[in-house]
A.B. asks: 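Please read through the structure below; I'll follow up with questions.
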Amino acid sequence: MSLFDLTAVLLCLSAVFGIVNHRYLRLPRTIGLVVIAMATSLTIVVVDLLVPWLQVGPRLSEVLAQIDFHKALMQGMLSFLLFAGALHVDFSELASRKWSISLMATVGVLLSTFIVGGAMWFVLGLFGIPIPFVWALVFGALISPTDPVAVLGILKTIKVPKSLEAKIAGESLFNDGVGVVVFTIVLAIAVRGQGAMGPLEVLELFGREALGGVALGMAGGYLAYRALRSIDEYIVEVVITLALVMGTYAVALHGHLSGPIAVVVAGLFIGNHGARFAMSEKTRERLFDFWELLDEILNSVLFLLIGLEVLVVRFNVEYVEAALLAIPVALLARLISVSVPILLLSVRREFTRGAIPVLVWGGLRGGISVALAFSLPENEMKPLILAVTYSVVVFSIVVQGLTVKAVVARVVR
């Protein structure tokens, strides 16, 4: 199938499943798409077992195999989704909570990586599913960052205190960039050996990716701001923001900088300073509407793909056991990685009541974790890591996503 055909199929399925969810299930839109897509995939599996000569599953799997999930998300949709999310975030709210967001997005991700990696290595070994420690760390690195696409989507459907919403949104926007850098480092060590990268090389890579991404985002955002301020024509100004996103992300990829961090910084710059000083009221309204619509369309396709990937991910009995073990491990690691920064900072300031349980349960994993798992080189560890990652992500989106509203209502007063 051509790229046009694949895009047409995905958009048509998104529309059909969206109608079914809106009329019958009435779940949050993204969660509804995942649930319906998974139900459809499982139905196809059952049909293939009952009527094997139809070969519906293998044929659909062949179609899905043509979609490189990692490239589609990490080198395509993610830049637009992150910019759209950052565009609507109040920078002053983030700035007033910079220390908690910074600690959770850096120290929290590192803590979670090592807790998940160490716990999975130990627990899977006890259950007779051996995994090398470094590959357990690879899993820890890809599953630790919360997904800004999933998190921001859920925040639209629930009422959270402003102070807590800023922490959740800020952490999710920045920790995916940090998480990708950590994943890249750990994967390089796993593939090339423990002596492949020294401590100084690791620090240099981390600094170049993260700080370079911030600098690139600020530079790109400022150039776009100057261009927006020089004219008052909303169509051209929308095109300028599109150019900003694609140009910034392309430069980041070729310059080995953090593209996610760069577009988040650029989005915050344009959504706050740019919207206030470089846009007329009409432009501001049209531009924000455009990015909200694009965000909704790409979200629909992304969560549809997550649900359909059931047909691509290979499961066996061992993988089911590993997945059931990984879910509580990931939640425990999230609890510790959130609690440590908040408890350290609570000595000097008071946090919103219920902050820890909401941040833990609302820290959803999503497409980024699945994309990183798909990007792993082909080896004996990839099927296990991919299956376990997919299981944790589905649990996170469906179970946590559907119950986080109840958690917020119970613990936040």
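Along the sequence shown, residues carry numbers from 1.
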A.B. asks: Checking S2 side chain against D5 main chain: does a donor-acceptor pair fall under 3.5 Å?
C.D. replies: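 Pair found, side chain donor or acceptor close to backbone of D5.
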A.B. asks: Taking ring pair (Phe, Tyr, Trp, His ring centres under 6.0 Å) as the test, write out the residues that go with F114, two or more places apart.
C.D. replies: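 For F114 there are no ring pair (Phe, Tyr, Trp, His ring centres under 6.0 Å) partners, ignoring immediate neighbours.
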A.B. asks: Say whether, by atom type as modelled, one donor and one acceptor occur between the side chain of S144 and the main chain of T113 under 3.5 angstrom.
C.D. replies: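 Side chain of S144 to backbone of T113, a donor-acceptor pair under 3.5 Å: yes, one is there.
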A.B. asks: Got a sec, which residues hit side chain to side chain contact (heavy atoms under 4.5 Å, CB included) with V9, two or more places apart in sequence or on another chain?
C.D. replies: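 Side chain to side chain contact (heavy atoms under 4.5 Å, CB included) check on V9 returns M1, L13.
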A.B. asks: Start with the C-alpha distance between T146 and N175, add both sets of side-chain angles, then the distance that settles side chain to side chain donor-acceptor pair (under 3.5 Å), and finish with yes or no.
C.D. replies: CA-CA 7 Å; T146 57; N175 74 0; 3.1 Å; yes
A.B. asks: With side chains defined as the heavy atoms from C-beta onward, is the minimum distance between E209 and V180 less than 4.5 Å?
C.D. replies: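 No. Closest side-chain heavy atoms not under 4.5 Å.
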A.B. asks: Using a 4.5 Å cut-off on heavy atoms from C-beta on, say whether the side chain of L287 contacts that of L87.
C.D. replies: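 With C-beta onward as the side chain, the pair touches.
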A.B. asks: T241: what forms a side chain to side chain donor-acceptor pair (under 3.5 Å) with it, not counting sequence neighbours?
C.D. replies: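 Only W291 meet the side chain to side chain donor-acceptor pair (under 3.5 Å) criterion with T241.
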A.B. asks: Could you walk me through whether T106 and L110 pass the side-chain contact (heavy atoms from CB on, under 4.5 Å) test, one step at a time?
C.D. replies: CA-CA 6 Å; T106 53; L110 290 170; 5.6 Å; no
A.B. asks: Is there a side-chain contact between R284 and F288 (heavy atoms, below 4.5 Å)?
C.D. replies: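 Touching, per the 4.5 Å side-chain cut-off.
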A.B. asks: Applying ring pair (Phe, Tyr, Trp, His ring centres under 6.0 Å), name anything that partners F133, two or more places apart in sequence or on another chain.
C.D. replies: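 With sequence neighbours excluded, F133 shows a ring pair (Phe, Tyr, Trp, His ring centres under 6.0 Å) to W121, given in chain and number order.
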A.B. asks: By side chain to side chain donor-acceptor pair (under 3.5 Å), which residues pair with S391, not counting sequence neighbours?
C.D. replies: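 Partners of S391 by the side chain to side chain donor-acceptor pair (under 3.5 Å) criterion come out as none, since no residue qualifies.
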A.B. asks: Which distance, rounded to the nearest 0.5 Å, do you find between the OG1 of T184 and the CD1 of I189?
C.D. replies: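 The OG1 atom of T184 sits 11.0 Å away from the CD1 atom of I189.
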A.B. asks: Donor-acceptor check, side chain of R97 to backbone of E93, threshold 3.5 angstrom: yes or no?
C.D. replies: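 Yes, R97 side chain to E93 backbone: donor-acceptor pair under 3.5 Å.
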A.B. asks: Using only atom types and a distance under 3.5 Å, with no angle test, would you say the side chain of S375 pairs donor to acceptor with the backbone of L372?
C.D. replies: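 At least one qualifying donor-acceptor pair exists.
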A.B. asks: Would you please name every residue forming a ring pair (Phe, Tyr, Trp, His ring centres under 6.0 Å) with F4, sequence neighbours left out?
C.D. replies: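 For F4 there are no ring pair (Phe, Tyr, Trp, His ring centres under 6.0 Å) partners, ignoring immediate neighbours.
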A.B. asks: Can you see which heavy atom on I31 is nearest to which on V398, and at what distance?
C.D. replies: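 So the minimum-distance heavy-atom pair works out to CG2-CA, 4.3 Å.
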A.B. asks: Just to verify, what does H273 make a ring pair (Phe, Tyr, Trp, His ring centres under 6.0 Å) with, not counting sequence neighbours?
C.D. replies: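 With neighbours one apart ignored, the set is Y225, F269, F277.
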A.B. asks: I'd like to know if the side chain of D176 reaches the main chain of G179, judged simply by a donor and an acceptor atom lying under 3.5 Å from each other, with no hydrogens or angles considered.
C.D. replies: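 Looks like no, no N/O pair under 3.5 Å.
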A.B. asks: Could you state the interatomic distance from CG (L64) to CG (L305), rounded to the nearest 0.5 Å?
C.D. replies: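 With rounding to 0.5 Å, CG (L64) is 7.5 Å from CG (L305).
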A.B. asks: If you take all heavy atoms of I131 and L384, which pair is closest and at what distance?
C.D. replies: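 Scanning both residues, the minimum pair turns out to be CD1-CD2, 4.4 Å.
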A.B. asks: To the nearest 0.5 Å, tell me how far L73 CG sits from L302 CG.
C.D. replies: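 Result: 5.5 Å between the selected atoms.
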A.B. asks: Quick one: does S79's side chain get under 4.5 Å of T248's, heavy atoms only?
C.D. replies: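 Not touching, per the 4.5 Å side-chain cut-off.
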A.B. asks: Just jot down the salt bridge (charged side-chain N to carboxylate O under 4.0 Å, His left out) partners of E380, sequence neighbours excluded, or say none.
C.D. replies: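 E380: no salt bridge (charged side-chain N to carboxylate O under 4.0 Å, His left out) contacts found.
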A.B. asks: Ignoring hydrogens, what is the shortest heavy-atom contact between I240 and A227? Give both atom names and the distance.
C.D. replies: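 Reported closest heavy-atom pair: CD1-CB, 4.0 Å.
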A.B. asks: Quick one: does any side-chain atom of D147 pair with a main-chain N or O of G367 as donor and acceptor, under 3.5 Å?
C.D. replies: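 Indeed, once roles are kept as given, a pair shorter than 3.5 Å links the two residues.
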A.B. asks: Could you go step by step and tell me if V107 and L344 meet the side-chain contact (heavy atoms from CB on, under 4.5 Å) rule?
C.D. replies: CA-CA 12 Å; V107 175; L344 286 174; over 6 Å; no
A.B. asks: Before you tell me yes or no, could you show the steps for L173 and L152 under side-chain contact (heavy atoms from CB on, under 4.5 Å), namely the whole-Å CA-CA distance, both residues' side-chain angles and the distance that decides it to 0.1 Å?
C.D. replies: CA-CA 9 Å; L173 283 170; L152 294 175; 3.9 Å; yes
A.B. asks: Under the side-chain contact (heavy atoms from CB on, under 4.5 Å) criterion, do L211 and F206 qualify, and how do the steps go?
C.D. replies: CA-CA 8 Å; L211 298 180; F206 188 88; over 6 Å; no
A.B. asks: Are any non-hydrogen side-chain atoms of W135 and L376 less than 4.5 angstrom apart?
C.D. replies: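 Yes. Closest side-chain heavy atoms under 4.5 Å.
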A.B. asks: What is the minimum heavy-atom distance between I385 and F139, and which atoms define it?
C.D. replies: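 Answer, listing the atom of I385 first, then F139: CG2-CD1, 4.2 Å.
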A.B. asks: Return the OG to CD distance between S14 and E296, rounded to the nearest 0.5 Å.
C.D. replies: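 If we round to the nearest 0.5 Å, S14:OG and E296:CD are 12.0 Å apart.
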A.B. asks: Which residue pairs pass the ring-ring contact (aromatic ring centres under 6.0 Å, His included) test with at least one member in residues 360-399, sequence neighbours excluded?
C.D. replies: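 For residues 360-399, and leaving out neighbouring residues, the ring-ring contact (aromatic ring centres under 6.0 Å, His included) pairs sorted by first residue read F69-F374.
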A.B. asks: Is the backbone of S396 close enough, under 3.5 Å, to the side chain of R365 for a donor and an acceptor to pair up by distance?
C.D. replies: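 Checked: no pair found.
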A.B. asks: Just jot down the side chain to side chain donor-acceptor pair (under 3.5 Å) partners of R334, sequence neighbours excluded, or say none.
C.D. replies: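 For R334 the side chain to side chain donor-acceptor pair (under 3.5 Å) partners, ignoring immediate neighbours, are E171.
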A.B. asks: Tell me, yes or no, whether the heavy-atom count around F290 atom CZ, taken from other residues, nucleotides or ligands under 6.0 Å, exceeds 12.
C.D. replies: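 Check passes, neighbour count above 12.
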A.B. asks: Look only at the side chain of S112 and the backbone of G108, and say whether a donor-acceptor pair between them is shorter than 3.5 Å.
C.D. replies: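 It does not hold such a pair.
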A.B. asks: Flag yes if more than 12 heavy atoms outside K405 fall under 6.0 Å of its NZ atom; otherwise flag no.
C.D. replies: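 Counting other residues, nucleotides and ligands, NZ of K405 stays at 12 neighbours or fewer.
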A.B. asks: Under the salt bridge (charged side-chain N to carboxylate O under 4.0 Å, His left out) test, which residues partner D295, sequence neighbours left out?
C.D. replies: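 Scan of D295 (salt bridge (charged side-chain N to carboxylate O under 4.0 Å, His left out), adjacent residues dropped) gives K156.
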A.B. asks: By side chain to side chain donor-acceptor pair (under 3.5 Å), which residues pair with D90, not counting sequence neighbours?
C.D. replies: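 In terms of side chain to side chain donor-acceptor pair (under 3.5 Å), with neighbours along the sequence ignored, D90 is linked to S92.
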A.B. asks: Working to the nearest 0.5 Å, report the span between NZ of K167 and OG of S96.
C.D. replies: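 So the NZ of K167 and the OG of S96 are separated by 8.0 Å.
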A.B. asks: Which heavy atom in T389 sits nearest to a heavy atom in V370, and how many Å separate them?
C.D. replies: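 Answer, listing the atom of T389 first, then V370: CG2-N, 4.1 Å.
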A.B. asks: Can you tell me how far the CE atom of M120 sits from the CG atom of L137, to the nearest 0.5 Å?
C.D. replies: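 Going from CE on M120 over to CG on L137, the span is 12.0 Å.
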A.B. asks: Side chains of L33 and S300: does their closest heavy-atom pair fall under 4.5 Å?
C.D. replies: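 When only atoms from C-beta onward are counted, S300 and L33 do touch, with a gap below 4.5 Å.
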A.B. asks: Keeping the roles fixed (side chain from S172, backbone from I168), state whether a donor-acceptor pair exists under 3.5 Å.
C.D. replies: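 A pair under 3.5 Å: yes.
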A.B. asks: So do the side chains of I297 and L11 get within less than 4.5 Å of each other, counting heavy atoms only?
C.D. replies: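 Counting from C-beta outward, I297 and L11 do come under 4.5 Å.
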A.B. asks: Should we say atom CE of M218 is surrounded by more than 12 heavy atoms from elsewhere, each under 6.0 Å from it?
C.D. replies: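 No, because the 6.0 Å sphere around CE of M218 holds 12 heavy atoms or fewer from other groups.
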A.B. asks: Write down the atom of V263, the atom of V245, and the distance for their closest heavy-atom approach.
C.D. replies: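 The answer is CG1-O, 4.0 Å.
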A.B. asks: Would you indicate whether the side-chain heavy atoms of F303 and I397 approach each other to under 4.5 Å?
C.D. replies: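 Touching, per the 4.5 Å side-chain cut-off.
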